[in-house]
2 protein chains.
Amino acid sequence: MVRRKDPAVRSLLIERAAQMLAARQPVTLRSLVAGTGMSTMAVYTYFGGMDGLWTAMRQEGFTRLAARLATVETTDDPVRDLAALGAAYLSNALAVPDLYRVMFDAGFELEDAAAADDTLHHLVRTAERAKTAGRFRDDVDPLELATQSWTVGHGLASLVATGPLPPQALAHGVPLLTALFVGAGDDPVRCRRSVELGWAL
Amino acid sequence: MVRRKDPAVRSLLIERAAQMLAARQPVTLRSLVAGTGMSTMAVYTYFGGMDGLWTAMRQEGFTRLAARLATVETTDDPVRDLAALGAAYLSNALAVPDLYRVMFDAGFELEDAAAADDTLHHLVRTAERAKTAGRFRDDVDPLELATQSWTVGHGLASLVATGPLPPQALAHGVPLLTALFVGAGDDPVRCRRSVELGWAL
DNA sequence: ACCAGAACATAGCAGCGTTATGTATTGTGG
DNA sequence: CCACAATACATAACGCTGCTATGTTCTGGT
């Protein structure tokens with residue numbers, strides 16, 4: 001009785017929307033399906049409307065971000081890795097600034113929060129590694145430190161991607177993260193070296 | 001030959017738009033002028049279109065923010081004052097989250113940057129005071145430190161106002177700012193006390 | 001007192017997301 | 001195997017958006 005929705009079509013639309021977003025073309029219902037042979041109804045059968053498309057785009061953004069963070073190699077210096085994750089976060093955000101803006105736009109829902117948590121998890125695990133390696137104090141909560149690192153990264157990404165700060169302001173990431181990690185107990189000079197190594201934009 | 005535009009009408013429209021924004025009502029060309037007796041053309045004579053209105057709203061947002069920061073009293077503890085400015089920044093952002101979002105929306109232009117600079121200036125001056133008071137190292141650039149404080153504040157404000165982080169995450173401001181100021185040379189225990197005093201959300 | 005020009009009102013346009021309606025397609029139960 | 005029912009899809013229309021073209025009203029300097 002059914003005629004199942006084709007997942008490939010869904011990904012195709014998401015892909016196309018992402019490309020249009022990256023090309024700074026307005027993503028509208030009609031422009032999205034134009035040239036694909038599909039009618040505007042496709043967006044409704046696959047996403048339930050434009051809001052659904054934007055939600056899907058947010059998830060896509062977090063998925064890509066998670067994939068990007070997964071490429072960061074884990075070394076024997078977890079603090080370096082933590083900084084490298086921050087750098088990768090910023091690199092991803094500025095590579096696709098419009099998608100990044102969509103991810104944190106007004107329509108943020110609970111289901112998006114799950115995707116965001118997955119992203120945070122990379123940071124949490126690395127913070128844990130740094131803690132067990134004795135780089136951080138015992139009373140440091142890895143989740144809290146990860147959240148604080150995220151806050152710094154997002155603040156930087158948001159201000160640079162939106163325009164208030166110039167791209168060279170990304171260099172602030174080094175002093176910000178070193179201060180944060182030293183505050184968590186790491187040795188100042190060693191920390192600085194680790195962060196600079198991991199940052200390496 | 002002229003019939004000058006009435007500045008009062010302009011402020012009235014901005015005020016009305018701000019109220020609708022705060023009430024989470026959609027601010028559209030027609031809904032904005034509805035009930036005021038004006039026609040839709042008013043928006044064009046006073047702002048040149050909706051884009052102009054949003055630019056004006058951004059400036060209004062920065063003006064209100066600057067006014068809010070100006071209410072922060074300056075004590076003999078500049079580090080406390082710096083933290084107090086950060087708290088005021090967040091308090092303002094979360095009091096009018098939709099206006100705050102507009103301020104950092106896609107259409108950010110050069111003329112908005114000037115308004116943002118005025119806001120930053122409060123932080124810069126206080127950072128300078130802390131430096132001359134001997135709380136920070138000599139090689140600390142007040143502008144850079146202010147920018148970094150701003151980054152932290154904006155990151156926190158953005159993540160909480162948009163939804164990814166819950167309101168209690170605002171407490172991260174204390175460790176983040178202390179770490180930053182200690183990294184700038186302040187004494188750890190004294191800094192912590194100052195920040196906690198100034199934060200006092 | 002005139003009249004150029006700014007301010008304003010009205011109506012219409014193209015575009016937007018959405019929905020209603022009709023048609024085609026498909027998997028499944030008899 | 002076939003008919004039925006449910007899904008997918010196409011087309012057209014609706015109400016809304018920002019914007020512009022046109023006509024009117026008001027105002028201030030010569």
Side-chain angles (χ1 to χ4, degrees), chain A residues 1-21 23-60 98-99 101-102 105-109 111-112, chain B residues 1-21 23-60 98-99 101-103 105-109 112:
Chain A
M1 79 195 197
V2 276
R3 187 165 151 220
R4 283 251 74 76
K5 303 184 215 176
D6 187 352
V9 173
R10 198 186 143 93
S11 336
L12 191 147
L13 283 174
I14 293 180
E15 180 75 15
R16 186 174 161 81
Q19 283 176 0
M20 297 179 67
L21 215 55
R24 308 197 99 85
Q25 297 167 353
V27 179
T28 79
L29 176 64
R30 288 172 175 79
S31 71
L32 180 62
V33 298
T36 65
M38 317 184 206
S39 82
T40 60
M41 280 304 292
V43 174
Y44 285 82
T45 67
Y46 287 98
F47 304 98
M50 285 304 276
D51 281 3
L53 175 73
W54 293 121
T55 311
M57 294 302 294
R58 269 191 291 277
Q59 308 244 6
E60 174 74 9
D98 297 82
L99 181 56
R101 249 197 302 270
V102 169
D105 248 10
F108 202 91
E109 298 289 342
E111 56 182 325
D112 301 313
Chain B
M1 79 194 194
V2 277
R3 188 166 151 218
R4 283 253 73 73
K5 302 184 215 176
D6 186 353
V9 174
R10 196 187 144 93
S11 335
L12 191 145
L13 282 174
I14 292 179
E15 180 74 16
R16 186 173 160 83
Q19 283 176 2
M20 297 179 66
L21 216 54
R24 307 198 100 83
Q25 296 167 353
V27 179
T28 79
L29 178 64
R30 287 171 175 79
S31 71
L32 180 62
V33 299
T36 66
M38 317 185 207
S39 81
T40 60
M41 280 304 293
V43 174
Y44 285 82
T45 67
Y46 287 97
F47 303 98
M50 284 304 277
D51 281 3
L53 175 74
W54 292 121
T55 310
M57 293 303 292
R58 268 192 291 277
Q59 308 243 6
E60 173 74 10
D98 296 82
L99 182 56
R101 249 197 301 270
V102 169
M103 287 165 63
D105 248 9
F108 203 90
E109 298 288 343
D112 302 312

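On a predicted model such as this, the values are computed, not experimentally measured, just so you know. Below, read A as the first sequence line, B as the second, and so on, with proteins coming before strands; counting in each chain starts at 1.
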> Who passes side-chain hydrogen bond (donor to acceptor under 3.5 Å, both in side chains) against B:Asp112, sequence neighbours left out?
Replying inline: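 If we apply the side-chain hydrogen bond (donor to acceptor under 3.5 Å, both in side chains) test to B:Asp112, skipping adjacent residues, the hits are B:Arg58.
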> What residues, two or more places apart in sequence or in another chain, satisfy side-chain hydrogen bond (donor to acceptor under 3.5 Å, both in side chains) together with A:Thr28?
Replying inline: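 Testing A:Thr28 for side-chain hydrogen bond (donor to acceptor under 3.5 Å, both in side chains), a comparison that skips the adjacent residues, returns A:Ser31.
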> Quick one: side-chain contact (heavy atoms from CB on, under 4.5 Å) partners of B:Thr36, sequence neighbours excluded?
Replying inline: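 Testing B:Thr36 for side-chain contact (heavy atoms from CB on, under 4.5 Å), a comparison that skips the adjacent residues, returns B:Arg16, B:Val33, B:Met38.
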> Quick one: side-chain contact (heavy atoms from CB on, under 4.5 Å) partners of A:Ser11, sequence neighbours excluded?
Replying inline: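 For A:Ser11, no residue satisfies side-chain contact (heavy atoms from CB on, under 4.5 Å) once neighbours in sequence are set aside.
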Protein-nucleotide distance ([X], atom [atom1]; [N], atom [atom2]), rounded to Å:
| X | N | atom1 | atom2 | result |
| --- | --- | --- | --- | --- |
| A:Tyr46 | D:dT7 | OH | P | 14 Å |
| A:Phe47 | C:dT18 | CZ | P | 13 Å |
| A:Leu32 | C:dC16 | CG | P | 11 Å |

> Once each nucleotide of nucleotides 16-24 of chain D is scored for protein heavy atoms under 4.0 Å, what B/S/- sequence comes out, 5' to 3'?
Replying inline: -BBBBB---
> Under the side chain to side chain contact (heavy atoms under 4.5 Å, CB included) criterion, do A:Glu111 and A:Thr55 qualify, and how do the steps go?
Replying inline: CA-CA 9 Å; A:Glu111 56 182 325; A:Thr55 311; 3.6 Å; yes
> Any sub-3.5 Å donor-acceptor pair from B:Asp6's side-chain atoms to B:Ala8's backbone N or O?
Replying inline: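 Checking the backbone N and O of B:Ala8 against the side chain of B:Asp6, a donor-acceptor pair under 3.5 Å is found.
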> Checking all strands, does A:Thr45 fall into the base, sugar-phosphate, or nothing category for heavy-atom contacts under 4.0 angstrom?
Replying inline: sugar-phosphate
> Base, sugar-phosphate, or nothing: which does B:Gly37 touch, judged by heavy atoms less than 4.0 Å apart?
Replying inline: sugar-phosphate
> A:Asp98 and side chain to side chain contact (heavy atoms under 4.5 Å, CB included): which partner among A:Gln25, A:Arg24, A:Met20?
Replying inline: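 Only one of A:Gln25, A:Arg24, A:Met20 forms a side chain to side chain contact (heavy atoms under 4.5 Å, CB included) with A:Asp98, namely A:Arg24.
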> Looking at DNA chain D, which of residues 7-18 of chain B put a heavy atom within less than 4.0 Å of it?
Replying inline: none
> Any side-chain heavy atom of A:Tyr46 sitting closer than 4.5 Å to one from A:Leu53?
Replying inline: no
